[in-house]
Amino acid sequence: MSAHLSYGRVNLNILREAARKELREFLDKCAGSKAIVWDEYLTGPFGLIAQYSLLKEHEVEKMFTLKGGRLPAADVKNIIFFVRPRLELMDIIAENISEKNGRPPQMHSPRDFHILFVPRRSMLCEQRLKEQGVLGSFINIDEYILDLIPYDGDLLSMESEGAFRECYLESDQTSLYHTAKGLMTLQALYGTIPQIFGKGECARHVANMMLRMKREFAGSQTQILPVFDSLLLLDRNIDLLTPLATQLTYEGLIDEVYGITNGYAKLPPEKFAAQKKQGEVGKDLPTEPKKMQLNSAEELYAEIRDKNFNAIGAALSKKAKIISAAFEERHNAKTVGEIKQFVSQLPHMQAARSSLANHTSIAELIKDITTSEAFFDNLTVEQEFMTGVDTDKVNTYIEDCIAQKDPLIKILRLVCMQSVCNNGLKQKILDYYKREILQTYGYEHMLTLNNLEKTGLLKPQTSTRNNYPTIRKTLKLWMEDANEQNPNDISYVYSGYAPLSIRLTQVLARPGWRSIEEVLKMLPGPHFEERQQLPAGLHKKRQQGENRTTLVFFLGGVTYAEVAALRFLSQMEDGGTEYIIATTKLINGTSWIKSLMDRPEAP
Amino acid sequence: MAFITANWNPLGEAFYRKIELYEMGWSLRDGLKECLVAAAPYGGPIALLRQPQRPSSSARPQLEIYSSSGANMASFPWKSGPVRQLGWTVCDDLLCIQEDGTVLIYDLFGAFKRHFSMGNEVVQNQVLEAKVFHSPYGTGVAIVTGASRFTLATNIDDLKLRRLPEVPGLQGAPSCWAVLTQDRQTKVLLANRADLYILDNTSCTPVTPPGLSLQSCSIVNMAVSFSYKYLALFTDSGHLWMGSANLKDKLSEVDTKVRTPPKQMVWCRRPKSQQPSVVIMWDRLLLVAGECTDTIQYTLDEESVCVAELDGVRIVGGSRHELLQEVPSACQDIFKIASMAPGALLLEAHKEYEKSSQKADEYLREIKEQSVLGEAVRQCVEAAGYEHEPETQKTLLRAASFGKCFLSNYPPEPFVSMCRDLKVLNSVREYTVGIPLTHTQYKQMTVQVLIDRLVYRKLYPLAIEICRYLKTPEYQGVSRVLKHWACCKVQQKEEPDESIAHAVSVKLGEAAGISYSEIAARAYECGRTELAIKLLEFEPRSGEQVPLLLKMKRSQLALSKAIESGDTDLVYTVVTYLKNEMNRGDFFMTLRNQPVALSLYRQFCKHQEQDTLKDLFNQDDDHQELGNFYVKASYKEKKLEARLSLLQSAVDEYNKAKNEFAAKATEEEMKLLRFQRRLDEEMGEALLGLSLQETLHALLTSNFHKQAEQLYRDFRVPDKRYWWLKLTALAEKDDWEEMEKFAKSKKSPIGYLPFVEVCVKQHNKYEAKKYVSKVTPEQKVKAHLAIGDLEGAAEAAIERRSEGEISTVLSRCSPTTDRALLERLNRARSTAAKK
């Protein structure tokens, strides 16, 4: 279930195993039967590390969701709280426990309470527990350092939803501290990364912390030959445009349409019901959404996920031919040996066939959407903005969408995009949009608009100079002749638009950032390069033609389309660099804007 | 060489030897007479409490601490109460157990560290006897009081006193007793004349050792082995019983023929030894008893003390310090007279070789013929480890090295590591260091602990040399020693802060993994705050600096260090601390100078203390945020008036922030809310809280056209949006008549395609058709298609000669479509394409 993590250039399963080992060690510390009370937010990320079976092996008999009131009854020796270090959660735990104390003691055998803080214990929270008078009830207070979670063979995520908001809106750099710590763990397992590049304020901060921590750990370094040649830290706010655009890769579209959470997508069940019981279609359609895990463990998915959606049809039909040809092979199998060989391949082929059926269904679902007029119109406007057409005027399409009360997030994505592509909107235009939004969707969105302005997604034009066209031209962000079927450039992931963040990565590898100093100055925050001393004898001697390995870390989130673009660069024959991607969270325009919205609570 | 066996004495199958470790460096006038003595195992220090020469009220006893070689480390008059027992902890601290149950702890150099009490009960009843013992949990103390009750503390560093149950029939002290650790539990074994009991936490159980003859005799002495596995009992009939400590097996019983109760009895058994043996000491006699009926007897010419070790017994006397042990089998094999063991032959061979005699070859041949050369080398290496004299060690190692030459593939590690170990051992056995460790003990205690012991003795240079020689990782080795050195250094009161800080930084330099904060903490403990702060500057881990800085009340510095670390939890910790320490004004001022802390505190307040949040914004004159704050607050209010007044505050703040848009939008919201309330009251609608758009929609669907019109004008709703709104509202309630009127009221700002589409959406193609003709030419095709009029769409497209539109129409054609139409379209497309 985790083999796919070890296929890539860097064996990320080492990281997963390290995390699992630590979990097992903690569980064994609490001898006897256990119940886990989960901070609900953590269950998704934990699913990427350990399945229920692992917990069961270590005598976890029950699992509950953390909520107020008294703890559900469970006849276990240990109750373990798995929580993030948040004050409000401490209050709930205190409530859970003191409720328990109120009960007659003979009802239960005495239980031991434990807390496991993820990813780090916090003095503030312990203080709160102390104030609530329950700190003494805990036998173990521990931390489970889960910063970077292996998400796929070349992808690490911290699964920290609020990271962008915290860093850029609330100036809370907690997630950056966790990032730096996570990178230190990574270096402990995969060796010191000799070169660090970065762009942006947060990137600078993370790099500073890393260098500092390295000094702190001096002497306890591990003697490991470095796996990564360099690290590139990128702030999300140097490229606000990319996540706003609609992703056009297969995986990107699944995420745009259905959302992928912790590696799982929930899909409408209708399409998947038919293929299972062909006899009784429509009889009892499942009403539960179909939950599908999407990662490179599935061969077909790994093959097609990063393709432009327009190339999916061809890819699927090609695959279909291969599979049916493989099944036809049985007619050619004459000898017993041949038949035996065929049979041995059957399970694999059947898996491939069902995988093909699943993805054909998904592709059909998505095709219904992408061929709709609304989708087309929206995309046209996005592309106009990205190419700089009429970005300084009120856009009629946006106006119409507001008038028809399309979903607010869609409007916000478009308005923000226009603002970003125009390096801010004229005050009059900005006020017009804002007024339209407030009148249509309600005054309470004032706070959300304010947040968007604070993060720079929406801003009034200050200087007359709009430098977006310069950036676009220098970095070749728009490619007229994007080839969707057989791409030769990263711009295929957005059918024409080449993500700025990935262009920066590409240029860094060749010919180097010196060639684009001008553009770098236009983007916010400093750019820098640091070198970390390697212990003697660990300098890698590169074979000729051997690729460099670069870890690209997106602070504040990355989209699936960007990931696809980096994978495309890794696979380029003369690319010379392979990329491993890390991020605080996998995002898309919708989830991203959502994280920045503020809804005042009603009384 | 020939005399190596001179001091061997046979006992049964085995031999015992007594070798001199040191000639004691102390000069004690009366030897160990009238002394309370405690000598720590593993060649540890020796403490003496000497009673005054002439007993008088003013004379005080003298406490002296020596190394194993008798070098004086501390000496001072004992000024506290009468002492019952001395003992050493695993960390080389001296425990002095007083009659009143107080236990005083001193370090190796006689500096007082702390004290604790063995319980209140003891103060009255007094301690009759006490024992210090070691277990996996640390060092423990056991006492028996005048009331014949036992009290135990298993670990003096985590003091938990346990009073054991009463022993039936016991008056005063028992005849003899010992502390045992079994099954992770500490117990007391005691003899009251002929009765033997085991005392644990809950019960007192009488026990009988299997096979002890002469049941009626009293047990007068007992000894538990170093490993707690074996037990020896001595009866007043002179019999010695040996068996397992769990009293299940008997090993042997020997009649010593001495009936006087012995002064001391200890086990003398090495791991893998050939027989169990016990050393018993009387005034003038030392006796070794084993399995056989014979015993070895030594005469003692001075007052001595026996110290049990893992692999033998040390005998400390007034002038000599000796080690008595069973001769290890490797040594026996090599040195036993006329031994033909491979090792012995190899040693012979080498001896001959040194003499350039051809006999060397003969011996070697003999070994090789039996193909036991590997075994021979192994024996020589092993035996070297057991020998105390460096010359003997060298002889054996040379022989081993010689033998190795004739072997291919013999692994070098055992030889090399033995050489290393011996070099370390010989250096600590040096008279000046005085730690007479055997190789077996050294392996058991580990290098780490040996380094610690050297550090306790302040032998820093030797410790560092050993670390470097053994290539111990810096982190565990040199750095650790340096840290101890620095901790010691900061206690030198006469030196000024500056020079100590300088000395420490120079010596420690960039040594890896040094915890300066620990050193600083020590300095602070000694009352040298300034020095502590100076030292903290060297600490690379800012996280480590913070707690100490807070303790020293340097909160500002702590805050900046916390921020430097990037650890936000640490920042929060300092901020909470500051909040409690300072008055509000100062607290806010401090935060103001630290933006990182300020924004974190804001976050905290946002979730926990809304009012403080407002104060913070007020202090910073952050009117924009104040405005937002009031807006948020307004939503928490149920009453409209309160809500409006909060919104008014928001307007004021936005004005101050020069945010015209926000101020105006808020005013409009207030206006809307008032309007909604009025309508709700007048018409019984439920509009309050809806957006303007929703309000309009609600009004239009409820036929309040006039009010809608008014809102539309008052709030300057753009025409386009209003038309869309009205259009959809009318369609939703199927008011086609009104829609037609509306369409004709004036020229539509949104064109007429929306009319078509909205009607189709409401499944009214009939109405939709009415508007198709009004649609602009550009949108004609779309309009026709919307109502499913393929021919109309085709006409429009052909007329416009637009390739794209023709294709769109074609794509909507189905197999049932009229042939002629298809042809026309195709033709038109090709013409259009040619253009």
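Lettering follows sequence order; numbering is per chain, from 1.
For B:Arg716, the parts sitting under 4.5 Å from any heavy atom of chain A are the backbone and the side chain alike. In this structure, chain A has no heavy atom under 4.5 Å from any part of B:Lys664. With a threshold of 4.5 angstrom between heavy atoms, B:Ala662 approaches chain A through its backbone and through its side chain. Contacts between B:Thr576 and chain A at a heavy-atom distance below 4.5 Å involve the side chain alone, from C-beta outward. Heavy-atom distances place both the backbone and the side chain of A:Tyr443 under 4.5 Å from chain B. For B:Gln608, the part lying under 4.5 angstrom from a heavy atom of chain A is the side chain only. Of the two parts of A:Leu447, only the side chain, counted from C-beta on, holds a non-hydrogen atom closer than 4.5 Å to a non-hydrogen atom of chain B. Looking at B:Phe604, the atoms closer than 4.5 Å to chain A (heavy atoms on both sides) all sit in the side chain, from C-beta outward.
Salt-bridge check for B:Lys632 with A:Glu444: failed, with every basic side-chain N at 4.0 Å or more from each acidic carboxylate O. Salt bridge annotation for B:Arg721-A:Glu399: absent, with no cationic side-chain nitrogen under 4.0 angstrom from a carboxylate oxygen. Under 4.0 Å is where a charged nitrogen must lie from a carboxylate oxygen, and between A:Glu170 and B:Arg602 no such pair does.
If you take OH on A:Tyr441 and CG on B:Leu692, they are separated by 13.5 Å, rounding to the nearest 0.5 Å. Taken to the nearest 0.5 Å, the CD atom of A:Gln173 stands 7.0 Å off from the OG atom of B:Ser599. Separating the OG atom in A:Ser171 from the CG atom in B:Leu600 is a distance of 8.5 Å, to the nearest 0.5 Å.
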- prompt: So A:Asp431 and B:Glu660, side-chain contact (heavy atoms from CB on, under 4.5 Å) or not? Walk me through it.
  reply: CA-CA 10 Å; A:Asp431 285 355; B:Glu660 280 170 45; over 6 Å; no

